[in-house]
Amino acid sequence: MCGIVGYIGPQDATPIILNGLKRLEYRGYDSAGLAVLENSHIEVRRDAGKLSRLATLVHDLPVHGHVGIGHTRWATHGEPNARNAHPHMGMTGDVVVVHNGIVENYLALREDLQAEGVIFKSETDSEVIVHLVEHYLGAGYDLTEAARQALGHLKGAHGVVLLSSREPDKIVAARIGNAGGVVIGVGQDEMYVASDLPAILDHTRRVVFLESGQMATITRQGLAVQSLTGAGLPYEIHTIAWDPVAAEKGEYRHFMEKEIHEQVRSLTDTIGGRVDFDQARILLPELNLTPEIARSIKKITIVASGTAWHAGTVGKVLIERIARLPVEVDIASEFRYRDPIVDGDTVILAISQSGETADTLAAMEEGRSKGARLWSIVNAIGSQAMRIADGYISMLSGPEIGVASTKAYTAPLVDLYMLAILLGDLRGVLDESTRRKLIADLRLVPDLAGRCLDREAEVEKVARVLLNVTNCLYLGRGINMPTASEGALKLKELSYIHAEGYPAGEMKHGPIALIDHDLPVIVIAPRDPWYDKMLSQIEQAKARGGMVIAVATDGDELIASKADHVLWVPETPWMLSPITTVIPLQMLAYHIAALRGLDVDQPRNLAKSVTVE
């Protein structure tokens with residue numbers, strides 16, 4: 001969840017950048033830095049640790065100028081140290097970049113650049129961007145065109161901001177996919193750029209939001225927006241209300257809509273600093289897991305409630321398949337009432353967005369009383385579920401205001417996937433080639449999520465079809481059986497439509513009696529090991545007059561010929577497919593509720609953190 005701030009105008013850029021980064025500090029970054037154009041020379045200050053360390057560094061080594069960019073980082077490639085902190089400078093010292101996202105093909109780009117004589121100063125993927133831009137500047141392009149050419153080489157989703165001492169009167173910003181927002185603040189003979197609104201709202205309420213595939217050239221007098229193909233584009237200046245809650249929503253109508261679209265960023269962040277892509281290793285230091293502990297574990301019991309329970313059910317498939325450990329998944333409120341069989345060789349793994357869910361905490365205490373090791377996957381830093389655990393994984397999703405959880409569902413799916421790989425590795429049951437493939441697939445996740453989000457208009461059309469239904473049946477198998485339950489839960493929570501998520505193979509054991517032309521059947525049917533079985537479920541539903549809405553892999557003509565409507569998702573490694581298959585279901589529930597005029601962010605009778613039994 002990297003933060004970006006930039007300024008160009010008559011004021012001193014340094015305090016504006018530092019104050020903007022301070023507005024984003026709640027996200028908990030591991031390094032920070034800034035670059036300011038001072039006397040025609042780019043001066044960089046950066047350090048590991050919290051923002052206060054950068055502030056101290058700037059106090060001791062002041063830098064002043066009227067153009068600058070800053071960054072707070074959650075590491076994705078390379079350790080969280082000063083050398084890997086942003087901004088990154090090119091070899092000539094003429095160009096500097098800050099970046100949010102993962103360059104999926106950075107290894108190939110790095111090798112090509114090194115063959116041309118480029119010397120890298122960091123371990124990050126982001127550094128390839130500045131060297132690519134520098135390459136095109138050397139070929140005679142101006143900064144805007146050099147950036148456009150360089151960005152064309154990148155795979156993945158990105159937010160990028162650049163400046164150059166060769167063209168001191170401009171900043172170039174770009175957004176590719178949904179790795180993070182890029183918002184440009186419009187002032188009087190001064191301009192701002194940031195990854196999120198709070199960083200600039202002290203200075204201006206007039207903003208322009210860059211869409212995916214757009215870049216902007218920013219000067220003191222204004223901006224010009226163009227596509228990544230070079231075509232000029234119109235833009236709209238939005239005026240943000242003084243209401244701080246409305247301001248936090250930015251370009252979105254509801255917090256839930258914003259949080260759905262923040263999933264590219266939250267997925268990037270939960271991967272960040274935890275994957276060594278070069279060595280193909282998972283790093284989860286807060287889990288306090290050693291090979292000896294990993295080999296001593298005989299069973300894992302996942303305890304959770306609601307959406308977190310669905311994530312845990314996906315985790316069961318992942319851990320059993322990858323780490324070859326038996327896993328039980330318990331609804332937290334039921335766990336301690338059945339006198340569970342737990343001992344010192346058992347791990348109780350609690351999953352909770354808030355870390356304060358009463359039932360989940362009670363389940364952890366039950367496990368503790370029986371001698372189990374406690375782990376937790378939580379979003380709220382410092383919460384009780386984090387504090388009482390022997391080890392934890394932070395989701396790093398950032399604040400989730402909408403009561404119906406979205407990004408705090410997909411982030412733990414990735415956390416569980418990483419945990420499964422680490423356990424399999426430490427237990428010696430995962431061969432190197434398989435481990436490398438599983439870890440390489442993680443690099444795809446943010447872009448795959450972004451491509452799902454790009455289909456929102458298609459999802460909204462299906463939402464209009466389902467607007468007035470009263471019941472809905474969701475079917476899934478295998479690793480996507482929990483996706484059916486989560487999709488149904490979202491529809492119930494937001495739209496108050498009765499919905500059931502069901503194992504598809506069980507449909508003929510009762511629920512098939514409900515299917516007629518009045519009951520929509522939503523079938524999760526990507527190309528995964530259960531694909532052929534799901535085709536059979538579609539046939540059975542259609543034979544009884546049911547309307548079928550399929551979540552299917554791009555280009556699947558067979559599904560398209562059988563289903564009434566299709567929610568397309570990109571081809572995804574099957575163990576990561578619950579991330580891509582759930583996103584259209586989140587958007588579907590959201591749009592049905594919004595079209596019905598319901599309170600999306602605070603559905604009736606619900607609370608964000610359930611702190612009573």
Side-chain angles (χ1 to χ4, degrees), residues 2-25 29 31-47 51-73 82 85-90 92-100 126-127 129-130 133-134 143-144 147 159-174 180 182-204 207 215-223:
C2 300
I4 292 172
V5 182
Y7 173 78
I8 182 169
Q11 301 185 64
D12 187 358
T14 300
I16 292 173
I17 293 169
L18 287 174
N19 289 335
L21 295 177
K22 182 71 174 176
R23 297 289 186 183
L24 305 176
E25 191 180 24
Y29 300 108
S31 64
L34 57 78
V36 174
L37 192 59
E38 183 177 62
N39 299 324
S40 302
H41 177 72
I42 297 175
E43 289 285 340
V44 174
R45 304 285 187 269
R46 56 187 187 173
D47 203 353
L51 184 63
S52 59
R53 294 188 61 172
L54 175 63
T56 299
L57 178 62
V58 171
H59 178 269
D60 295 340
L61 293 172
V63 56
H64 303 285
H66 303 299
V67 183
I69 56 178
H71 186 273
T72 54
R73 175 179 185 245
H86 295 220
H88 291 292
M89 185 180 287
T92 66
D94 295 335
V95 188
V96 70
V97 67
V98 291
H99 169 233
N100 185 12
S126 305
E127 192 181 347
I129 301 172
V130 72
V133 173
E134 197 171 61
L143 181 61
T144 300
V160 178
V161 180
L162 294 146
L163 65 83
S164 171
S165 58
R166 298 187 189 185
E167 300 175 56
D169 59 342
K170 67 175 65 170
I171 294 174
V172 173
V182 177
V183 56
I184 299 165
V186 180
Q188 183 66 41
D189 294 325
E190 59 185 355
M191 301 287 286
Y192 308 82
V193 61
S195 55
D196 209 352
L197 276 170
I200 61 175
L201 285 179
D202 283 346
H203 307 286
T204 182
V207 300
M215 57 186 298
T217 302
I218 305 163
T219 67
R220 293 187 183 199
Q221 287 72 41
L223 73 156

How many angstroms lie between CG in Asp189 and CD in Gln11, if you round to the nearest 0.5 Å? 11.5 Å

Test side-chain contact (heavy atoms from CB on, under 4.5 Å) applied to Asn19 and Asp202, step by step: CA-CA 9 Å; Asn19 289 335; Asp202 283 346; 5.9 Å; no

Who pairs with Ala147 by side-chain contact (heavy atoms from CB on, under 4.5 Å), at least two apart in sequence or on another chain? Leu162, Val172, Met215

Minimum-distance pair of heavy atoms, taken over all atoms of Leu21 and Gly70: CD2-C, 4.1 Å

Where do Ala85 and Ala32 come nearest, in terms of heavy atoms and distance? CB-O, 4.4 Å

Decide yes or no for Arg46 and Val44: does some side-chain heavy atom of the first lie under 4.5 Å from some side-chain heavy atom of the second? yes

I'd like to know if the side chain of Thr14 reaches the main chain of Val63, judged simply by a donor and an acceptor atom lying under 3.5 Å from each other, with no hydrogens or angles considered. yes

To the nearest 0.5 Å, how far apart are CG in Asp47 and OG in Ser52? 9.5 Å

Please examine the side chains of Val207 and Ile200, heavy atoms only from C-beta on, and report whether any two atoms are closer than 4.5 Å. yes

Roughly how far, to the nearest 0.5 Å, is OH of Tyr192 from CD1 of Ile16? 5.0 Å

Kindly determine whether Leu223 and Thr217 satisfy side-chain contact (heavy atoms from CB on, under 4.5 Å), including the steps that lead there. CA-CA 5 Å; Leu223 73 156; Thr217 302; over 6 Å; no

Tell me every residue that passes ring pair (Phe, Tyr, Trp, His ring centres under 6.0 Å) with His66, counting only those two or more places apart in sequence or in another chain. none

So Leu18 and Val58, do their side chains get closer than 4.5 Å, heavy atoms only? yes

Test side-chain contact (heavy atoms from CB on, under 4.5 Å) on Arg220 and Asp169; report intermediate values, then the result. CA-CA 7 Å; Arg220 293 187 183 199; Asp169 59 342; over 6 Å; no

In terms of heavy-atom contacts, Ser126 and His99 come closest through OG-ND1, 2.7 Å

Contacts of His86 meeting ring pair (Phe, Tyr, Trp, His ring centres under 6.0 Å) (sequence neighbours excluded), chain-then-number -> His71, His88

What donor-acceptor contacts under 3.5 angstrom involve side-chain atoms of residues 35-42, with partners at least two apart or in another chain?
{"from": "Glu38", "atom 1": "OE2", "to": "His64", "atom 2": "N", "distance (Å)": "2.9"}

Test side-chain contact (heavy atoms from CB on, under 4.5 Å) applied to Lys170 and Leu163, step by step: CA-CA 7 Å; Lys170 67 175 65 170; Leu163 65 83; over 6 Å; no

Any heavy-atom pair between the side chains of Arg166 and Leu143 that's under 4.5 Å? no

When rounded to the nearest 0.5 angstrom, what distance separates CG in Leu51 from CG in Leu34? 9.0 Å

For Pro87 versus Gly33, what's the shortest heavy-atom pair and its separation? CD-C, 3.5 Å

Heavy-atom closest pair (Ser164 atom, Val95 atom, distance to 0.1 Å) is OG-CG2, 4.2 Å

My understanding is that only residues two or more places apart in sequence, or in another chain, count here; which of them pass side-chain contact (heavy atoms from CB on, under 4.5 Å) with Thr56? Asp60

Criterion side chain to side chain contact (heavy atoms under 4.5 Å, CB included) against Val161, the qualifying member of Ile69, Asn100, Ile218: Ile69

dist Asp94:CG -> Ser165:OG (nearest 0.5 Å) comes out at 4.0 Å

Mind checking what makes salt bridge (Lys or Arg N to Asp or Glu O under 4.0 Å) contact with Glu43, not counting sequence neighbours? Arg45

Measure the shortest side-chain to side-chain distance between Pro10 and Glu190 over non-hydrogen atoms and say whether it is less than 4.5 angstrom. yes

To the closest 0.5 Å, what do you measure between CE (Met191) and OH (Tyr7)? 11.0 Å

